[in-house]
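Nothing fancy with the numbering, it's 1 onward along the sequence.
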Amino acid sequence: MKKIFLTCRTFKVIFAPVLLISSALNAQSYKGVTNVRDTSYSTHSAYKHDVKTHPEIKIVPEFKFSSVKEQRNISYCEIGKRKLNLDVFYTTPKTNPKQTAVIIIHGGGWRTGSREQHYPMAQKLASLGYVCFTPEYRLSTEALFPAAIFDIKSAIRWVRSNASKYNVDENKIVVLGFSAGGEMASFMGTTANMPLFEGTLCNTDKESKVNAVVDIDGTLSFVHPDGREGDDSKSTSAATYWFGYSKKENPMLWQAASPLSYVSSKTPPTLFINSSVPWMHAGREDYIKVLDENGIYSEVKEFKDAPHSFCLYAPWFNPTIQYIDSFLKKVFSK
């Protein structure tokens, strides 16, 4: 299969006509926009499934570090009456140097899951000196793509706007995500400041550029031959709900929503942390090839025999934290 990488200009030319043509032939489906929260994916539901094949696993609980301060349910954007919230986890260093910000995006197929699932990760990273932010975003039960993209871009800009308040170095902003959040994290890294994906509602006086990406088991392409997203044979797939079109109905939209379509010389250093589930890192090697061609640093860490939700459990939680910490120290020590 020949890969076609869409530049920002190409996307602007193609995206709108594709939507119009597809709308004429196949109306975009809003059946998944129920406005009822989908709670099917949670740490406990994932554990219930994974413990059958991995009886040694344990859910990592929240931490109580005396050094870590927390501020929860801060509104970072208001869309009409809808408030989008985030949480902040941080320490106050004695020497007061500017710190690295880590924005953590939860997974759940762009439809379910919650930011609370990554409180332990945020708390642990904060104890190591990072300022962590856990934003919510509109899921596909509430709004279709690219609403969630607009939300996270707005959260990044909010972090920039509040950098001095939280002692954040604006040149050290990291976006980290798991599963669907991992895909979104890579999308943030490859589409920085691209007008089409910025949205126009909140914190528009700042840039959405990030300085590093950590993708934990998030796909890099919705159309890669190694991927499995878009199989609607038994039930509607998560991405089909998110886009409102099946892959067959609107393949260009699926490609245009893929981080692999935008990876370039402007993409920041990237860490990939993966489970043993091969289709969860579809497109990874093609993505890294572009990074290598442009002299951009990347690392791959893969846990053999680990289930997809590995970062929520011991024994993989601590090594995951160590990989993230080591990568960021290496990237920002230059």
Side-chain angles (χ1 to χ4, degrees), residues 4-20 22-23 28 76-79 82 84 86 103-107 109-111 133 135-140 142-161 173-177 180-215 218-223 229 238-239 241-245 250-268 270 283 287 290:
I4 301 174
F5 293 97
L6 299 177
T7 64
C8 177
R9 183 173 182 275
T10 303
F11 187 89
K12 287 179 180 178
V13 171
I14 290 176
F15 185 56
V18 165
L19 279 176
L20 290 173
S22 295
S23 294
Q28 190 172 26
Y76 73 85
C77 182
E78 293 188 22
I79 305 167
R82 173 70 158 97
L84 291 169
L86 57 70
I103 300 166
I104 303 174
I105 312 171
H106 74 81
W110 312 276
R111 187 166 185 79
F133 303 84
E136 68 171 326
Y137 56 91
R138 286 172 290 172
L139 299 169
S140 65
E142 185 176 356
L144 303 183
F145 172 90
I149 300 299
F150 293 161
D151 296 346
I152 297 300
K153 293 264 190 174
S154 180
I156 295 168
R157 297 193 299 263
W158 184 93
V159 170
R160 286 193 178 280
S161 294
I173 296 180
V174 182
V175 63
L176 176 159
E183 180 274 326
M184 292 175 67
S186 291
F187 199 85
M188 298 299 127
T190 55
T191 63
N193 304 324
M194 188 180 289
L196 192 65
F197 294 119
E198 290 300 301
T200 59
L201 294 175
C202 301
N203 313 309
T204 55
D205 58 331
K206 291 288 185 176
E207 292 187 335
S208 66
K209 176 185 176 182
V210 296
N211 307 101
V213 172
V214 179
D215 182 339
T219 187
L220 294 160
S221 174
F222 291 103
V223 297
E229 196 59 62
Y241 272 129
W242 196 32
F243 300 135
Y245 289 104
N250 200 336
M252 288 301 295
L253 175 59
W254 283 58
Q255 182 172 339
S258 301
L260 183 59
S261 296
Y262 307 97
V263 60
S264 69
S265 60
K266 296 181 179 180
T267 302
T270 303
Y287 193 100
V290 178

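The CZ atom of Arg138 lies 10.5 Å from the CD1 atom of Ile152; values are rounded to the nearest 0.5 Å. One finds the CD1 atom of Ile105 at 6.5 Å from the CD1 atom of Ile156 (value rounded to the nearest 0.5 Å).
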**OP:** Just do the side-chain contact (heavy atoms from CB on, under 4.5 Å) check on Tyr76 and Phe133 with the steps written out, would you?
**Re:** CA-CA 11 Å; Tyr76 73 85; Phe133 303 84; over 6 Å; no
Subject >> Step-by-step side-chain contact (heavy atoms from CB on, under 4.5 Å) determination, Ile103 to Leu86 >> reply: CA-CA 10 Å; Ile103 300 166; Leu86 57 70; over 6 Å; no
**OP:** Decide yes or no on side-chain contact (heavy atoms from CB on, under 4.5 Å) for Phe197 and Met188, but give the supporting numbers first.
**Re:** CA-CA 9 Å; Phe197 294 119; Met188 298 299 127; over 6 Å; no
**OP:** Test side-chain contact (heavy atoms from CB on, under 4.5 Å) on Ser154 and Leu201 and set out the steps.
**Re:** CA-CA 8 Å; Ser154 180; Leu201 294 175; over 6 Å; no
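For Glu136, the side chain to side chain contact (heavy atoms under 4.5 Å, CB included) partners at least two apart in sequence or on another chain are Arg82, Leu84, Asn85, Arg115. Every residue two or more places apart in sequence or in another chain that forms a side chain to side chain donor-acceptor pair (under 3.5 Å) with Glu198 is listed here: Lys153, Arg157, Ser208.
Minimum interatomic distance between Val223 and Ser258 (heavy atoms only, all atoms of both residues): N-OG, 4.3 Å. Counting all heavy atoms, side chain and backbone alike, Pro135 lies closest to Ile104 at CD-O, 3.3 Å. Across all their heavy atoms, Ser161 and Lys206 have their closest contact at OG-CG, 3.2 Å. In terms of heavy atoms, Tyr287 sits closest to Thr267 at OH-CG2, 3.6 Å. Closest approach of Ala257 and Phe145 over heavy atoms only: CB-CZ, 3.6 Å.
A donor-acceptor pair is defined here as one N or O able to donate and one able to accept, closer than 3.5 Å; such a pair exists between the side chain of Thr270 and the backbone of Pro268. One N or O on the side chain of Arg160 and one on the backbone of Glu207 form a donor-acceptor pair closer than 3.5 Å. Remark: the backbone N or O of Phe243 is paired with a side-chain donor or acceptor of Gln28 at under 3.5 angstrom. A donor-acceptor contact shorter than 3.5 Å is absent between the side chain of Tyr245 and the backbone of Trp254. Between the side chain of Ser264 and the main chain of Lys266, a donor-acceptor pair closer than 3.5 Å is present.
For the 3.5 Å distance criterion, the side chains of Asp215 and Ser186 qualify, holding a donor opposite an acceptor.
No more than 12 heavy atoms of other residues, nucleotides or ligands lie within 6.0 Å of NZ in Lys209, so this atom counts as exposed by the packing criterion.
The aromatic rings of Phe222 and Trp110 lie tilted to each other, with the angle between the two planes from 30° to 60°.
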